[in-house]
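Atoms within each ligand, like the ligands themselves, are counted from 1 in listed order.
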Amino acid sequence: MDGACEVELRSGDVVRVRPIRDSDAFELQRAFALMSEQSQYRRFMTGTPRLTDSQAAYFTAVDHVGHEAYVAHSPDDETYIIGVARFIRYVSAPDDAELAITVADTWHGRGLATALLRVLTARAVEVGVKRFRAEMMADNEPILRLLRRAGMTDETVRGEVASGSIELAPPC
Ligand SMILES: CC(C)(COP(=O)(O)OP(=O)(O)OC[C@H]1O[C@@H](n2cnc3c(N)ncnc32)[C@H](O)[C@@H]1OP(=O)(O)O)[C@@H](O)C(=O)NCCC(=O)NCCS
């Protein structure tokens, strides 16, 4: 599948967004290793300094329906992944999917997560996902702002973890 597009961010930067591929495994590991400890912790909510080979294989060998992910690159350098957005449908509740987004620290605040969420949402609607669910650290202001703006409802906080869901509207 192709599904690649160029997107202009809030900052004015233009990036290329495309579905993830098996061959991205090594680059995904490299990009994750370059993230700050805080970003790594916020992504997995545990201390995870590196993605193992089996994690990287799982995160890249997606079927594009039950598990989908888009990566972003600089348009003039396809080598380096600067952001990833993914959903993984729950086997027991396939209308719902877990959402996760990660952006390289040097790209934070430019609108990349916002753009990735838009692309991922369109794909999710296309394959019949009706709701994203997300869990995040309760002090993770950037993702909370992003998801609230995307329409997050039933936001709850238990201890250090917040959760909520986003209803996905069909295109018409
Ligand atoms: C959460 C994350 C993906 C946001 O990526 P981003 O590309 O910087 O986000 P955007 O630029 O699209 O901005 C999204 C919102 O966060 C806000 N934001 C961005 N950086 C921020 C910061 N440092 N402090 C507070 N708010 C911030 C933006 O203002 C925007 O909110 P607004 O539209 O209401 O103004 C990024 O911070 C990240 O990768 N964090 C580590 C991994 C993680 O926490 N993932 C989420 C759990 S799965």
Give every pair formed by an N or O atom of ligand 1 and a protein N or O atom closer than 3.5 Å, one pair per line with both atom names and the distance to 0.1 Å, or write none.
from: ligand 1; atom 1: 7 (O); to: Ala113; atom 2: N; distance (Å): 3.0
from: ligand 1; atom 1: 8 (O); to: Gly109; atom 2: N; distance (Å): 2.7
from: ligand 1; atom 1: 11 (O); to: Arg10; atom 2: NH2; distance (Å): 3.0
from: ligand 1; atom 1: 11 (O); to: Arg110; atom 2: N; distance (Å): 3.4
from: ligand 1; atom 1: 11 (O); to: Gly111; atom 2: N; distance (Å): 2.7
from: ligand 1; atom 1: 12 (O); to: Thr114; atom 2: N; distance (Å): 3.0
from: ligand 1; atom 1: 12 (O); to: Thr114; atom 2: OG1; distance (Å): 2.5
from: ligand 1; atom 1: 16 (O); to: Pro142; atom 2: O; distance (Å): 3.2
from: ligand 1; atom 1: 31 (O); to: Arg145; atom 2: NE; distance (Å): 3.2
from: ligand 1; atom 1: 33 (O); to: Arg149; atom 2: NE; distance (Å): 2.6
from: ligand 1; atom 1: 33 (O); to: Arg149; atom 2: NH2; distance (Å): 2.6
from: ligand 1; atom 1: 34 (O); to: Arg145; atom 2: NE; distance (Å): 3.1
from: ligand 1; atom 1: 34 (O); to: Arg145; atom 2: NH2; distance (Å): 3.1
from: ligand 1; atom 1: 35 (O); to: Arg145; atom 2: NH2; distance (Å): 3.0
from: ligand 1; atom 1: 39 (O); to: Val103; atom 2: N; distance (Å): 2.8
from: ligand 1; atom 1: 39 (O); to: Val103; atom 2: O; distance (Å): 3.3
from: ligand 1; atom 1: 39 (O); to: His108; atom 2: NE2; distance (Å): 3.4
from: ligand 1; atom 1: 44 (O); to: Asn140; atom 2: ND2; distance (Å): 2.7
from: ligand 1; atom 1: 45 (N); to: Ile101; atom 2: O; distance (Å): 2.8

dist Arg43:CZ -> Thr48:OG1 (nearest 0.5 Å) comes out at 9.0 Å
Taking all atoms of both residues into account, what is the closest heavy-atom pair of Val103 and Ala113, and its distance?
-> CG2-N, 3.8 Å
Using the six-membered ring of Tyr70, assess whether NZ or CZ of Arg123 lies under 6.0 Å from its centre and within 45 degrees of the ring axis.
-> no
So, do Leu147 and Leu117 sit near enough that their side-chain heavy atoms are less than 4.5 Å apart?
-> yes
Using 4.0 Å as the upper bound for N to carboxylate O, is an ion pair formed by Asp154 and Arg131?
-> no
Taking the six-membered ring for Trp, are the ring centroids of Phe44 and Phe32 within less than 6.0 Å of each other?
-> yes
